[in-house]
Amino acid sequence: EGPIEKDKKVEDIPSEPYPILSQFEWVTLDLSDEDDMDQLYKLLYEHYVEDHDSTFRFAYSRDFFNWALKPPGWREDWHVGVRVKGTKRLVAFISGVPATLRVRDQEMKAVEINFLCVHKKLRNKRLTPVLIKEITRRVNRCGIWQALYTSGTLLPSPVSTCRYTHRPLNWEKLYDVGFSALPEGVTKSQMLSRYALPSSTKTKGLRKMEEKDVEDVLSLYSKFQSRFDMSQVFSKEELSHWLLGDANERSHADDKRVVLTYVVENDEGRITDFVSFYVLPFTVIDNARHDKLGVAYLYYYATEEGLDGGRFDPASVKVVTKRLESLISDALVLAKNIGMDVFNALTSQDNVLFLDDLKFGPGDGFLNYYLFNYKAYPISGGVVNKEYDMDKRSGVGVVML
Ligand SMILES: Cc1c(C(=O)c2nccn2C)oc2cccc(OCCCNCc3cccnc3)c12
């Protein structure tokens, strides 16, 4: 395992932008500029990833972009746009944010690549390889040689593949928009009662995470994540950004936030667990009754149960499963209470321990993880044919937005 191209030097990397078709020009977006943010928002709102039968399209908000694209150490020149020379219209985008990755026992400075988008009318102009070459050049110029990215489509050699799973919160609406179906011989009221949830959480000591919890949560996160083959290493500042959001985000009411994190504080005032989820709605395309779908995505979580001196103790799988079921079940309640219609999770992390019991159903999508310029043996994505069992847990700890 290790870098494929070794010993590349910054001085060998061209200082000039990668050549691009003459009608286009490179543009570095300044997301603190309202017009640039509007152009990015509109491009992705109309042209970003849809599901295979074009029923839904991601509806990233400006707040989401500020959170996802401006973590500690972010660089403006990694917010790469392509615009038409004449009209100055933004027609393509790709982004990178800094991340420290651990792949098995190797830690590396890397970037996470996301939000690759090309205008629908320019899909056959081979712009994607050019976007990838240009962001690679800009990242290499900073002395960074590895990258992590995901894709719903299959490209050469994923390091891991996880499956989409969904837990209905508002089954009726999912049925109305055609996402959920009514199984043969089952009534709507039976489906509603199957997915009914309590109106309040049940885990003792559960409360919102605050800045003062960052050190305890980071310590718990790091111990919990050490069991995975691929994990993101966080500084205190990075953990605070990803779990509490940026300053602007913290001033928002719960139903206006992009990320929510809760901790469990025990009787001695210690943090023994935490759970987080991020909010990313879908535009419902061409539906008479609904134009938005509220979607929460399971993000990072950890429990100290089963952490025998920081290492995972396999004999404790039952108590860990019970603990996680209680924690994630509360996340479902919290997501429903801020208006989410469905709670999404992958088969990554230790999710397969609780997906079935919490009534997550397998989706028809898969998320492939790719490492750029790093050869790694395959990592389990937790995708199993039969019911989930312990030794089929995934080795993927990192969650990509
Ligand atoms: C996307 C997504 C969906 C849906 O498409 C969906 N849910 C309800 C209705 N729909 C159509 O379901 C998931 C379950 C787990 C993780 C997921 O995504 C994980 C993060 C995805 N990152 C962005 C991305 C999107 C598409 C392809 N690659 C990356 C998803």
Side-chain angles (χ1 to χ4, degrees), residues 44-45 47-61 64-65 67-69 93-97 99 112-118 128 132 147-155 158-171 173-181 195 232 242 258-259 276-287 290-301 328 331-332 335-336 340-349 351-352 354-355 358-370 381-383 394 396-401:
L44 270 83
Y45 193 83
H47 303 280
Y48 197 48
V49 182
E50 297 171 2
D51 62 317
H52 55 266
D53 48 20
S54 291
T55 312
F56 307 100
R57 189 164 52 237
F58 280 107
Y60 289 96
S61 66
F64 195 102
F65 286 129
W67 175 60
L69 294 174
F93 180 74
I94 190 166
S95 70
V97 291
E112 287 179 356
I113 298 296
N114 207 339
F115 307 114
L116 165 61
C117 182
V118 172
T128 294
I132 292 170
L148 173 66
Y149 56 101
T150 59
S151 174
T153 53
L154 193 55
L155 307 164
V159 67
S160 191
T161 299
C162 296
R163 183 166 194 167
Y164 285 359
T165 76
H166 316 281
R167 205 291 181 185
L169 301 177
N170 179 351
W171 184 85
K173 182 171 174 185
L174 296 178
Y175 176 71
D176 288 347
V177 300
F179 179 71
S180 295
Y195 292 116
Q232 186 163 0
W242 290 119
V258 293
V259 62
S276 60
F277 57 89
Y278 64 88
V279 171
L280 170 53
F282 272 109
T283 299
V284 183
I285 305 166
D286 299 339
N287 183 279
H290 305 285
D291 59 4
K292 276 284 184 298
L293 193 67
V295 188
Y297 292 77
L298 181 60
Y299 196 39
Y300 288 110
Y301 61 86
I328 308 300
L332 298 176
K336 177 160 189 172
M340 296 300 109
D341 300 310
V342 60
F343 196 102
N344 282 347
L346 290 162
T347 54
S348 56
Q349 302 178 85
N351 299 354
V352 299
F354 53 75
L355 290 173
L358 295 186
K359 300 187 178 117
F360 284 78
D364 56 8
F366 288 88
L367 194 64
N368 303 295
Y369 287 75
Y370 302 93
V383 185
S394 90
V396 176
V398 60
V399 180
M400 290 280 283
L401 301 177

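In listed order, ligands and their atoms are each counted from 1.
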Task: Donor on one side chain, acceptor on other, Thr161 and Asn368, under 3.5 Å - done: yes
Open item on the list: Considering non-hydrogen atoms of the protein only, which is the closest contact for atom 15 (C) of ligand 1, and what is the distance?
Closed with: Ala345 O, 3.4 Å
- [ ] Give a yes or no answer on whether the side chain of Gln349 reaches the backbone of Tyr299 with a donor-acceptor pair at less than 3.5 Å.
- [x] yes
- [ ] Measure the acute angle between the ring planes of Phe64 and Tyr60, then classify it against the limits of 30° and 60° as parallel, tilted or perpendicular.
- [x] perpendicular
Open item on the list: Please determine whether any non-hydrogen atom of Gly363 lies less than 4.0 Å from an atom of ligand 1.
Closed with: no
- [ ] Could you name the option among Tyr60, Phe366, Tyr278, Phe56 that has the heavy atom nearest to atom 20 (C) of ligand 1?
- [x] Tyr278
TODO: Quick one: look up the protein heavy atom nearest atom 7 (N) of ligand 1 and list residue, atom name and how far away it is.
DONE: Asn344 ND2, 3.0 Å
TODO: May I ask you to test the Phe343-Phe277 pair for a side-chain heavy-atom distance under 4.5 Å?
DONE: yes
Task: Between OH on residue Tyr164 and CG on residue Asp51, distance to nearest 0.5 Å - done: 9.5 Å
Task: Main-chain N/O of Tyr195 paired to Arg167 side chain as donor or acceptor, under 3.5 Å - done: yes
Task: Asn114 and ligand 1 - part of the residue with a heavy-atom distance under 4.0 Å - done: neither
TODO: For Phe58, counting its heavy atoms only, list the atoms of ligand 1 lying under 4.0 Å from any of them.
DONE: 1 (C), 25 (C), 26 (C)
Open item on the list: Please determine whether any non-hydrogen atom of Val399 lies less than 4.0 Å from an atom of ligand 1.
Closed with: no
Task: Atom indices of ligand 1 within 4.0 angstrom of Thr165 heavy atoms, with elements - done: 14 (C)
- [ ] For Asn114 and Val97, run side chain to side chain contact (heavy atoms under 4.5 Å, CB included): C-alpha distance rounded to whole Å, both residues' side-chain angles, the deciding distance at 0.1 Å, then the answer.
- [x] CA-CA 8 Å; Asn114 207 339; Val97 291; over 6 Å; no
Open item on the list: I need the nearest protein heavy-atom contact for atom 27 (C) of ligand 1: residue, atom name and distance, please.
Closed with: Gly152 N, 3.5 Å
- [ ] Check whether any heavy atom of Leu401 sits under 4.0 Å from an atom of ligand 1.
- [x] yes
Task: Atom indices of ligand 1 within 4.0 angstrom of Leu346 heavy atoms, with elements - done: 15 (C), 16 (C)
Open item on the list: Among all the protein's non-hydrogen atoms, which is closest to atom 9 (C) of ligand 1, and how far away is it?
Closed with: Phe179 CE1, 3.3 Å
Open item on the list: Does Asp53, at its CG atom, have more than 12 non-hydrogen atoms belonging to other residues, nucleotides or ligands within less than 6.0 Å?
Closed with: yes
Task: Trp67 and Tyr278 aromatic ring geometry - parallel, tilted or perpendicular at 30°/60° bounds - done: tilted
Open item on the list: Return the closest protein heavy atom for atom 12 (O) of ligand 1 as residue, atom name and distance.
Closed with: His166 CE1, 2.9 Å
Task: Among Tyr48, Phe282, Phe360, Tyr297, closest by any non-hydrogen atom to atom 10 (N) of ligand 1 - done: Phe282
Task: Aromatic contact, Phe282 with Phe179 (centres under 6.0 Å) - done: no
- [ ] Tell me which protein heavy atom sits closest to atom 2 (C) of ligand 1, plus the residue, atom name and distance to 0.1 Å.
- [x] Tyr164 CE2, 3.4 Å
TODO: Please could you name the atoms of ligand 1 that Val49 approaches to less than 4.0 Å, counting only its heavy atoms?
DONE: 26 (C)
